[in-house]
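Have a look at the structure below before the remarks.
Counting starts at 1 for both ligands and their atoms, following the listed order. Note that the coordinates shown come from a computational prediction; the quantities given were computed from them, not determined experimentally.
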Amino acid sequence: MAILVTGGAGFIGSHTCVELLNAGYEIIVVDNLINSKPEVIQKIKQITQRDFKFYQADLLNRSELEAIFESNTIDAVIHFAGLKAVGESVEIPLRYYHNNVSGTIILCETMAHYNVKRMVFSSSATIYGDPQSVPIKEDFPLSTTNPYGSTKLMIENILQDLYLSDKEWSISLLRYFNPIGAHKSGLIGEDPKGIPNNLMPYIVRVASGKLETLSIFGNDYPTIDGTGVRDYIHVVDLSLGHLDALKKIMLTKGINSYNLGTGKGYSVLEVIRAFEISTGQKVNSKITHRRPGDIAECYADPSKAKIELGWTASRDLYEMCLDAWKFAKQQ
Ligand code: NAD
Ligand code: UDP
């Protein structure tokens with residue numbers, strides 16, 4: 001069985017490729033490397049001791065995509081490819097809509113043409129907007145506050161309409177909470193270009209002396225210690241969720257959304273403490289003003305994924321910090 005993985009050289013995609021190969025799947029990876037490095041493909045092969053085809057291609061390039069479907073027998077697609085920086089999406093919204101939404105439409109059209117109607121899609125908890133309560137369930141109201149989030153919500157709506165128009169489709173919408181950590185080998189992980197926007201990549205750069213001080217964005221939120229609370233999930237746990245979603249879409253038709261989170265929220269101060277305790281590294285930090293658009297608390301009710309996919313996260317915050325640090329030290 002061959003699985004096409006779009007965005008397979010990226011952070012979550014690369015870890016999912018490792019788990020797919022370890023589980024015995026044949027994979028084909030498509031990535032334009034706009035936000036990833038070609039070495040990652042070698043690292044996936046090194047970790048798994050398995051070979052696979054890699055195409056450096058853009059989803060927006062219909063003829064290249066068609067050629068990939070023409071020359072391979074594909075059973076299902078796991079669709080990670082997309083641009084993901086919230087701030088950048090505010091600055092260059094058209095690029096985000098074009099890349100993420102048009103890219104997905106071209107992918108779905110190509111899939112339909114080749115009669116491949118099974119997809120696992122990378123959605124995001126950002127589509128819950130500022131939730132009225134936590135933990136968040138899949139049937140909570142959806143809304144977005146930036147173009148990146150809007151692309152995710154639009155794609156979910158497009159995929160819903162696609163299924164309504166053709167009940168042969170089988171689609172899993174996976175709403176990720178906050179993936180951090182890295183593969184145990186330290187060979188693959190999250191390595192954003194430039195100054196990181198997200199908490200954990202920032203923490204590891206401060207700990208390794210590449211950046212001076214972590215700014216904690218506000219300590220006056222109505223949370224346990226005033227700092228923002230998120231549901232951090234180990235990227236390997238998240239990746240394994242894709243294998244469970246894949247098993248489900250191979251067996252049943254329909255479209256379903258699932259929260260992939262741990263169900264536990266941690267504040268920024270708690271994450272810093274866990275990082276310092278687990279790695280023994282000091283993280284210099286200072287409290288600054290709130291980041292515009294940030295919400296106080298966001299964590300999942302992951303019970304639907306447990307009941308319907310048989311999936312739960314098992315790695316704790318200490319392991320996430322240790323693995324992120326191991327990867328960072330090797331960069
Ligand atoms: P990433 O940037 O590391 O990986 C995405 C990959 O897609 C990159 O390798 C990039 O080069 C590729 N890509 C982008 N546009 C492409 C195109 N048009 N054609 C071919 N390849 C293209 O990001 P990630 O953190 O691994 O995220 C994977 C998916 O999960 C994304 O869709 C992202 O929006 C979503 N997501 C991520 C998070 C997170 O915190 N990391 C949270 C929720 C959802
Ligand atoms: N955060 C912070 N300093 C940073 C980056 C993030 O204090 O340099 C906080 C942020 O305000 C939020 C939490 O860390 O409360 C997680 O932020 P991240 O950007 O990683 O995820 P998101 O806000 O998109 O869930």
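In this structure Phe177 satisfies the ring pair (Phe, Tyr, Trp, His ring centres under 6.0 Å) test with no other residue, sequence neighbours excluded. Listed by chain and number, the residues in a ring pair (Phe, Tyr, Trp, His ring centres under 6.0 Å) with Trp311 amount to none (sequence neighbours excluded).
Taking a cut-off of under 4.0 Å to the non-hydrogen atoms of Ile216, the atoms of ligand 2 that pass are 7 (O). The ligand atoms of ligand 2 that sit less than 4.0 angstrom from a heavy atom of Ser215 are 2 (C), 3 (N), 4 (C), 7 (O), 8 (O). If you number the atoms of ligand 2 from 1 as listed, the ones under 4.0 Å from a heavy atom of Asn197 come out as 5 (C), 19 (O). Near Asn178, with a cut-off below 4.0 Å to any heavy atom, the atoms of ligand 2 are 21 (O), 22 (P), 25 (O). Which parts of ligand 2 touch Arg291 is read off a 4.0 Å heavy-atom cut-off, strictly below it: atoms 10 (C), 17 (O), 18 (P), 19 (O), 23 (O).
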Please tabulate, for side-chain N and O atoms in residues 74-86, each donor-acceptor pair with protein atoms closer than 3.5 Å (sequence neighbours left out).
unit_1: Asp75; atom_1: OD2; unit_2: Ala2; atom_2: N; d: 2.7
unit_1: His79; atom_1: ND1; unit_2: Thr6; atom_2: OG1; d: 2.7
unit_1: His79; atom_1: NE2; unit_2: Thr104; atom_2: OG1; d: 2.9

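No donor-acceptor pair closer than 3.5 Å links the side chain of Lys53 to the backbone N or O of Ile68. Remark: the backbone N or O of Val120 is not paired with any side-chain donor or acceptor of Ser172 at under 3.5 angstrom. Under the 3.5 Å distance criterion, the side-chain polar atoms of Thr279 are left unmatched by any main-chain donor or acceptor of Leu322.
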N/O contact list for ligand 1, threshold under 3.5 Å:
unit_1: ligand 1; atom_1: 2 (O); unit_2: Asn35; atom_2: ND2; d: 2.7
unit_1: ligand 1; atom_1: 3 (O); unit_2: Phe11; atom_2: N; d: 2.8
unit_1: ligand 1; atom_1: 9 (O); unit_2: Gly10; atom_2: N; d: 3.3
unit_1: ligand 1; atom_1: 9 (O); unit_2: Asp31; atom_2: OD1; d: 3.2
unit_1: ligand 1; atom_1: 9 (O); unit_2: Asp31; atom_2: OD2; d: 2.6
unit_1: ligand 1; atom_1: 9 (O); unit_2: Ser36; atom_2: OG; d: 2.6
unit_1: ligand 1; atom_1: 11 (O); unit_2: Asp31; atom_2: OD1; d: 2.7
unit_1: ligand 1; atom_1: 11 (O); unit_2: Asn32; atom_2: OD1; d: 3.3
unit_1: ligand 1; atom_1: 11 (O); unit_2: Ile34; atom_2: N; d: 3.0
unit_1: ligand 1; atom_1: 11 (O); unit_2: Asn35; atom_2: N; d: 3.0
unit_1: ligand 1; atom_1: 11 (O); unit_2: Ser36; atom_2: OG; d: 3.4
unit_1: ligand 1; atom_1: 13 (N); unit_2: Asn32; atom_2: OD1; d: 3.4
unit_1: ligand 1; atom_1: 15 (N); unit_2: Asn99; atom_2: ND2; d: 3.1
unit_1: ligand 1; atom_1: 18 (N); unit_2: Asp58; atom_2: OD1; d: 3.0
unit_1: ligand 1; atom_1: 18 (N); unit_2: Asn99; atom_2: OD1; d: 2.8
unit_1: ligand 1; atom_1: 19 (N); unit_2: Leu59; atom_2: N; d: 3.0
unit_1: ligand 1; atom_1: 21 (N); unit_2: Asn32; atom_2: N; d: 3.1
unit_1: ligand 1; atom_1: 21 (N); unit_2: Asn32; atom_2: OD1; d: 3.2
unit_1: ligand 1; atom_1: 25 (O); unit_2: Lys84; atom_2: NZ; d: 2.8
unit_1: ligand 1; atom_1: 26 (O); unit_2: Phe11; atom_2: N; d: 3.1
unit_1: ligand 1; atom_1: 26 (O); unit_2: Ile12; atom_2: N; d: 2.8
unit_1: ligand 1; atom_1: 32 (O); unit_2: Phe80; atom_2: O; d: 2.7
unit_1: ligand 1; atom_1: 32 (O); unit_2: Lys152; atom_2: NZ; d: 2.8
unit_1: ligand 1; atom_1: 34 (O); unit_2: Tyr148; atom_2: OH; d: 2.6
unit_1: ligand 1; atom_1: 34 (O); unit_2: Lys152; atom_2: NZ; d: 3.1

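In this structure, atom 18 (P) of ligand 2 lies nearest to the protein heavy atom Asn198 ND2, 3.5 Å. Of all protein heavy atoms, the one lying nearest to atom 15 (O) of ligand 2 is Gly228 CA, 3.5 Å. Scanning the protein heavy atoms around atom 10 (C) of ligand 2, the nearest turns out to be Asp294 OD2, 3.4 Å.
Residue-environment remark: NZ (Lys37) stays at or below the threshold of 12 foreign heavy atoms within 6.0 Å. More than 12 heavy atoms of other residues, nucleotides or ligands sit less than 6.0 Å from atom CG of Leu251.
The option from Leu214, Val206, Val268, Leu199 that lies nearest to atom 8 (O) of ligand 2, judged by heavy atoms, is Leu214. Of all the listed residues (Arg230, Glu297, Lys84, Met200), Arg230 holds the heavy atom that lies closest to atom 22 (P) of ligand 2. Comparing Phe177, Tyr232, Tyr221 against atom 16 (C) of ligand 2, the shortest heavy-atom distance belongs to Tyr232.
Between Trp325 and Phe275, the ring planes are perpendicular. Angles over 60° get that label, and only those under 30° would be called parallel.
The distance criterion of under 3.5 Å between nitrogen or oxygen atoms is met by Phe217 with respect to ligand 2.
With respect to Arg315 and Asp323, no salt bridge is recorded, no charged nitrogen being found less than 4.0 Å from a carboxylate O.
When ring centroids are compared, Tyr176 and His242 come within the 6.0 Å threshold.
Geometric assessment of Lys167 against the ring of Tyr163 yields a positive cation-pi assignment under the 6.0 Å and 45° thresholds.
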